[in-house]
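Remarks on the structure that follows.
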Amino acid sequence: MIIGIDLGTTNSLVAVWNADTAQLIPNALGKLLTPSVVGLDDNGELIVGDVARERLQTHPQATTALFKRHMGSARETLVGERAYRPEELSALLLRSLKEDAERYLGEPVTEAVISVPAYFSDAQRKATRVAGQLAGLKVEKLINEPTAAALAYGLHHKEEATFLVFDLGGGTFDVSVLELFEGVMEVRASAGDNFLGGEDFDDLLVAHVRAAAHAQPLPTATEGALVQRLRREAQRVRHALGQQPHTTFTVRDGGHEWSLAITQDDLARLYQPLLDRLRAPIERALRDARIKAADLDEVLLVGGTSRMPLVRRLVASLFGRFPAMQLNPDEVVAQGAAIQAALKARHASLEEVVLTDVSPYTLGIETTSSEGQRRIDGLYLPIIERNSVVPVSREQTVYPLDEAQTVVRVRIFQGESRLVSNNIFLGELEVPVPPKKRGEVSVQVRFTYDINGLLEAQVHIPLTGERRTLVIENNPGVLSPEEVAERLQALAALKVHPRDQQVNSLLMARLERLYQESLGDTREHVADLAKQFQYVLERQDERALREARVRLVEQLEYLERRL
Ligand code: ADP
Ligand code: MG
C-alpha cells in the first residue's frame with residue numbers, strides 16, 4: 001500500500017486510497033491534522049504533533065516548528081542536545097505519520113507519495129526525498145501540491161482544463177496555474193509569498209488589540225507568555241468570526257479581565273492590507289502562464305486560511321465567480337497525494353495521469369555588456385526562464401569580448417536578479433577559443449533541465465567543434481549517501497514517546513502551559529490539577545484514568561477560556 005502525505009509548513013496529513021475514495025488517516029489523538037512540530041519530552045523521548053506544539057511555548061529549547069522553510073538548506077536547529085538538519089526534522093514527522101498509517105491499515109507501510117510546493121527547488125525536492133528515506137519510506141513520487149489539489153477535485157477526469165489553485169496556509173501563500181491537456185497535467189506557472197498566511201492575520205489582530213489596550217492595560221504576565229496567549233485568542237477570534245458576526249477578544253488573569261468586542265466588519269478593515277497582498281501573486285501567475293482570468297475553467301481553494309469568508313469573498317470578486325470549495329481546503333492536498341499513490345500502484349479505478357513540472361527558477365549565465373570602452377560585468381543572461389515546463393532545452397549564443405582571448409569561462413547561476421551577485425552560483429565551464437576578431441567566434445550555450453531537476457550545461461564552439469559539458473546535480477544543501485546513512489543511525493537510536501501515552505501527555509503539556517501563563521490563585525489551581533492527574537496516572541487504573549481525563553478536559557477548557 002502506498003500512502004499519500006501532505007508535509008505542510010504548519011500541518012501535515014496522511015491519506016490512503018481505500019474503496020474508491022481518498023481516506024484521511026487519524027493520528028494517535030484521533031485527529032486528521034498533525035501539527036508540523038517535533039520535540040523532546042522531559043525524558044528525552046521524541047514527541048510529534050499536538051503534544052510538541054503545546055510545548056513550543058513552555059520548552060522552546062526542546063521543541064521546533066516551521067522547519068519546512070529550511071528544507072534544501074544546511075541550516076541546523078538545536079533540539080535538546082543535538083542539532084538537526086531540516087530533512088531530519090521532517091523525517092521525524094514523516095515517521096510518525098507512517099506509524100499512524102500502519103496502525104490504521106494493520107500492515108507495514110514502506111512507500112509514499114509526498115507533496116511539495118510547486119515552486120520547490122531541486123535542492124528542496126531532494127531534501128524531501130531524503131526526509132522520506134530517513135523515515136523508512138521509499139518516496140515513489142513527489143507531487144506538486146496544486147496538482148494534488150486538482151486530483152482531489154477530480155479534474156484529471158476532464159478532457160482538458162485550465163485552472164488556478166489558490167493555497168493560503170499557516171505561513172505561506174502559493175498560486176499556481178495548471179493546465180490539463182491530452183491527459184497531461186502541467187504546472188504552467190507558480191507564484192506566491194513565502195511569508196503570508198494565517199499567522200500573519202493573527203499577528204495583525206494581536207497588534208490591533210495591543211494598540212487598543214493603551215487605555216486599559218492588559219494583564220501582567222511575562223512578555224513571551226502574553227504574546228502566546230494573545231495569539232491563541234487571536235486565532236480563536238479569527239476562526240469564530242468565520243461563523244458569527246461578532247465575538248469578544250478576552251484575556252483574563254485571576255480576577256482581572258480584559259476584553260474587546262470585535263465584529264466581522266472590524267476584521268475586514270483590519271485585514272485589508274493582507275488581503276491586498278494576495279492580488280499581486282495571482283496576477284503574476286496568470287501573466288507568467290499567459291492566461292486571462294476569464295479563460296480559467298476552475299479556481300480551487302486550498303489551505304486552512306482559505307476557510308475564512310473574507311478570503312473566499314476576495315477570491316470570488318477577483319475572478320468574478322465562486323471558487324470550488326466542496327472539499328475541506330486543508331485536506332485536499334493529502335487526498336490528492338493518496339490518489340496519485342493509487343495511480344502509481346496502477347489501481348484500476350483511476351485512469352493514469354502523467355504529471356509534469358516547471359522549472360521553479362530562472363537558470364542563466366554571467367555576461368558582460370560593452371559600449372565602446374565601457375564595460376559592465378556581472379550581468380545575468382537568462383537561458384531557461386522561471387516557470388518553463390520541464391524537460392526543457394534552450395540555447396543562447398554569446399561572443400567573446402577580447403580579440404586575444406584564448407579561453408571563455410561560462411559561469412552558471414540560478415535566480416531572478418539582473419545581477420549575478422544576487423543569484424546562486426551553480427558552477428562554471430571553460431572552453432578554449434581561437435584568437436579571432438570580435439564577432440567571428442560564436443559560443444553556443446545550451447541548458448537542458450530535466451524532470452529530476454538535473455541541469456546539463458553544454459558549451460559549443462561551432463568554429464572549432466569544441467564542446468564541454470557540465471551536469472549540475474549536487475546542491476550545496478543536499479546530504480551525501482554516507483551522511484544519510486549516518487543520520488539514519490542517529491535517528492533510529494532516538495527513543496520515541498509511547499503512542500498510547502500521547503493523550504495523557506497532551507493534557508500534561510496543556511497544564512504546564514496554563515501554569516506558565518497564569519498567576520496567583522489560578523496558578524495554584526492548575527498546579528493542584530496537575531498533581532491530581534499525575535497521581536491517577538501513576539495508579540495505572542485504566543478506568544479511573546479515563547474518567548479523570550474527561551473531568552480534566554472540561555476543567556482545562558473552562559480555564560483556557562477564563563484565564
Ligand atoms: P500549511 O499548509 O501551511 O501547513 P494549513 O493549510 O493547515 O497549513 O493552514 C493552517 C492555517 O489555517 C492556520 O493559520 C489556521 O489558523 C488556518 N485555519 C484553519 N481553520 C481555519 C478556520 N476555520 N478559519 C480560519 N483559518 C483557519
Ligand atoms: Mg499546505
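Along the sequence shown, residues carry numbers from 1.
For the 3.5 Å distance criterion, the side chains of Ser442 and Thr397 fail to qualify, holding no donor opposite an acceptor. A donor and an acceptor atom, one from each side chain of Arg468 and Gln458, are nowhere located under 3.5 Å apart.
Legend: residues meeting side chain to side chain contact (heavy atoms under 4.5 Å, CB included) with Ala338, ordered by chain and number and at least two apart, are Ala15, Ala22. Remark: Arg411 pairs with Glu366, Glu428 by the salt bridge (charged side-chain N to carboxylate O under 4.0 Å, His left out) rule, at least two apart or across chains. By the side chain to side chain donor-acceptor pair (under 3.5 Å) test, Gln405 pairs with no residue at all, sequence neighbours left out. Listed by chain and number, the residues in a salt bridge (charged side-chain N to carboxylate O under 4.0 Å, His left out) with Asp200 amount to none (sequence neighbours excluded). Residues passing the side chain to side chain donor-acceptor pair (under 3.5 Å) test with Gln235, sequence neighbours excluded: none. Shown here are the side chain to side chain contact (heavy atoms under 4.5 Å, CB included) partners of Pro60, two or more places apart in sequence or in another chain: there are none. With sequence neighbours excluded, the residues forming a side chain to side chain contact (heavy atoms under 4.5 Å, CB included) with Glu102 are Lys98, Pro108, Val109, listed by chain and number. Taking Asp100 as the reference, Arg499 meet the side chain to side chain donor-acceptor pair (under 3.5 Å) condition, with sequence neighbours excluded.
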Name the atoms and distances for all side-chain donor-acceptor pairs under 3.5 Å in residues 173-181, with sequence neighbours left out.
residue, atom, partner, partner atom, Å
Glu179, OE1, Arg188, NH1, 3.4
Glu179, OE2, Arg188, NH1, 3.4

Could you list the donor-acceptor pairs under 3.5 angstrom formed by side chains in residues 300-308, with sequence neighbours left out?
residue, atom, partner, partner atom, Å
Thr305, OG1, Gly169, O, 2.7
Thr305, OG1, Gly198, N, 3.3
Ser306, OG, Val302, O, 2.6
Ser306, OG, Gly303, O, 3.4
Arg307, NE, Asp330, OD1, 3.4
Arg307, NE, Asp330, OD2, 3.2
Arg307, NH2, Asp330, OD1, 2.8

Donor-acceptor contacts under 3.5 Å from residues 478-487 side chains, at least two apart:
residue, atom, partner, partner atom, Å
Ser480, OG, Glu482, OE1, 3.3
Ser480, OG, Glu483, N, 3.2
Ser480, OG, Glu483, OE1, 3.2
Glu483, OE1, Ser480, N, 2.8
Arg487, NH1, Glu76, OE2, 3.4
Arg487, NH1, Glu88, OE1, 2.8
Arg487, NH2, Glu76, OE2, 3.4

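In this structure, the side chains of Phe166 and Leu278 come closer than 4.5 Å at one or more pairs of heavy atoms. Within the 4.5 Å cutoff, the side chain of Ile472 has no heavy atoms near those of the Leu454 side chain. Looking at Thr110 and Leu137, their side chains never come closer than 4.5 Å, going by heavy atoms from C-beta outward. At least one side-chain heavy atom of Leu164 sits less than 4.5 Å from a side-chain heavy atom of Phe319. The side-chain heavy atoms of Leu46 and Lys495, taken from C-beta on, include no pair separated by under 4.5 Å. Put simply, the side chain of Val398 reaches to within 4.5 Å of the side chain of Leu381, judged on heavy atoms. Leu401 is listed as a side-chain neighbour of Arg375, based on a closest heavy-atom distance under 4.5 Å.
Note that CG of Leu89 is 10.5 Å distant from CZ of Arg85, once rounded to the nearest 0.5 Å.
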Self-check item: Derivation and outcome, salt bridge (charged side-chain N to carboxylate O under 4.0 Å, His left out), residues Glu87 and Arg125
Solution: CA-CA 10 Å; Glu87 50 272 64; Arg125 284 166 199 263; over 6 Å; no
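Ionic pairing of Asp295 and Arg290 is not present here: no N-O contact between side-chain nitrogen and carboxylate oxygen is shorter than 4.0 angstrom. Salt bridge annotation for Glu283-Arg277: absent, with no cationic side-chain nitrogen under 4.0 angstrom from a carboxylate oxygen.
Checked by atom type and distance alone, the side chain of Tyr84 never pairs as donor or acceptor with a backbone atom of Ser90 at under 3.5 Å. The backbone N or O of Gln124 sits nowhere less than 3.5 Å from a side-chain atom of Arg129 that would complete a donor-acceptor pair. Not one N or O on the side chain of Lys141 forms a donor-acceptor pair closer than 3.5 Å with the backbone of Ile114. In this structure a side-chain-to-backbone donor-acceptor pair under 3.5 Å is missing from Tyr380 to Ile365.
Checked against Thr63 for a side chain to side chain contact (heavy atoms under 4.5 Å, CB included), the options Ile47, Leu56, Val79 give a single hit: Leu56.
A salt bridge (charged side-chain N to carboxylate O under 4.0 Å, His left out) check over residues 438-449, counting only residues at least two apart or in different chains, returns the pairs Glu395-Arg446.
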